[in-house]
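Notes for the one structure printed next.
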Amino acid sequence: MIVHPTIAGLREALAAQPRIAFVPTMGNLHEGHVALMRIAREHAPCVVASVFVNRLQFGPNEDFDRYPRTFEEDCEKMREAGVDLVFAPGEREFYPAPQSCFVQPHPAQADILEGAFRPGFFRGVATVVTKLFNIVRPQVAVFGKKDYQQLMIVRNLTRELALPIEIVAGETVRAADGLALSSRNRYLSAGERLQAPQLVRLLREMRTEILSGAGDYPRMEREALENLTAQGWQPDYIAVRKRLDLQSPAAHDSSLVILAAARLGPTRLIDNLEV
Ligand code: PAF
């Protein structure tokens, strides 16, 4: 496995590769990322992963400086996962001048759910992903369903900008008690870690209710918010949406997903479950 800190070096190394599968990350890797890299392995003989903490997707009150940087451990995991090349640029290499050109997804996609609580987040994600795609030029890119809205936005931008890249989705990897793996889980205290699976349990209860015919989604969302709040969480949203565009479903719509974000102590967790 070779690490490339520069765009020119990576491009040169990839020039002769006929087929590349790509997994973009911000590092601090866990089994969820490793699973995406294994999927990438199935799609191409050359697997590239990137490790870059993207300043553009952090809000002014978010933890860009505190975001965990664990490059040595990340390299171990990527090696074991069969990654061939790692693109790990420094800030100056990736953004030599402040970025003045952005990829802005439509507000109907970018300003709902996560975007409503993290203004500018999806503009930052769409911009960095497009730039990474231009640098790596993969045939396949793998994204986790854990970040469901990000996956939808990346799918849309790839299609609408006619990028010749197949977007492959990886299932969310969960701990034995159901908690979705996330870099943020490391911020949970021991007590909070025990409590954290309440979020997915609630999503599972909602899914059971929907599958048994319940269709009053606003009532279900309201009750779920009250339930979480009563257990000491500070929920941002719990929403039943259509999988395709994450808009609110009508009564007859199928192919749904339930998405949630909530704070447990200082840690903000997100999760979702397809119905
Ligand atoms: O999902 C992530 O880790 C990031 O949003 C991504 C796609 C690597 C862009 O910085």
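Keep in mind that the numbers below use all heavy atoms, side chains included, and drop hydrogens, waters and symmetry copies. Just so it is clear, the structure is predicted and the values come from calculations on it, not from any experiment. When a ligand or atom number is given, it counts from 1 through the structure's own listing order.
- If you look at Leu132 next to ligand 1, there are no close heavy atoms at all, none under 4.0 Å.
- Close contacts of ligand 1 with Val128, meaning ligand atoms under 4.0 Å from a residue heavy atom, involve 9 (C), 10 (O).
- In this structure, CG on Leu10 lies 9.5 Å from OG on Ser50, to the nearest 0.5 angstrom.
- Looking at Asn272, its side chain does come within 3.5 Å of a backbone N or O of Lys146 through a donor-acceptor pair.
- Contact atoms of ligand 1 toward Thr25: 8 (C) (distance under 4.0 Å to a heavy atom of the residue).
- Nearest protein neighbour of atom 9 (C) of ligand 1, counting heavy atoms only, is Gln57 OE1, 3.4 Å.
- Using a 4.0 Å cut-off to heavy atoms of Gln150, the atoms of ligand 1 that qualify are 1 (O), 2 (C), 4 (C), 5 (O), 7 (C).
- When Arg207, Glu205, Glu274 are each tested for a side chain to side chain contact (heavy atoms under 4.5 Å, CB included) with Ile258, only one passes: Arg207.
- With respect to Arg79 and Glu76, a salt bridge is recorded, a charged nitrogen being found less than 4.0 Å from a carboxylate O.
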*Would Lys77 and Glu73 count as a salt bridge (Lys or Arg N to Asp or Glu O under 4.0 Å) if you check the C-alpha gap in whole Å, the side-chain angles of each, and the deciding distance to 0.1 Å?*
CA-CA 6 Å; Lys77 293 188 179 125; Glu73 292 100 305; over 6 Å; no
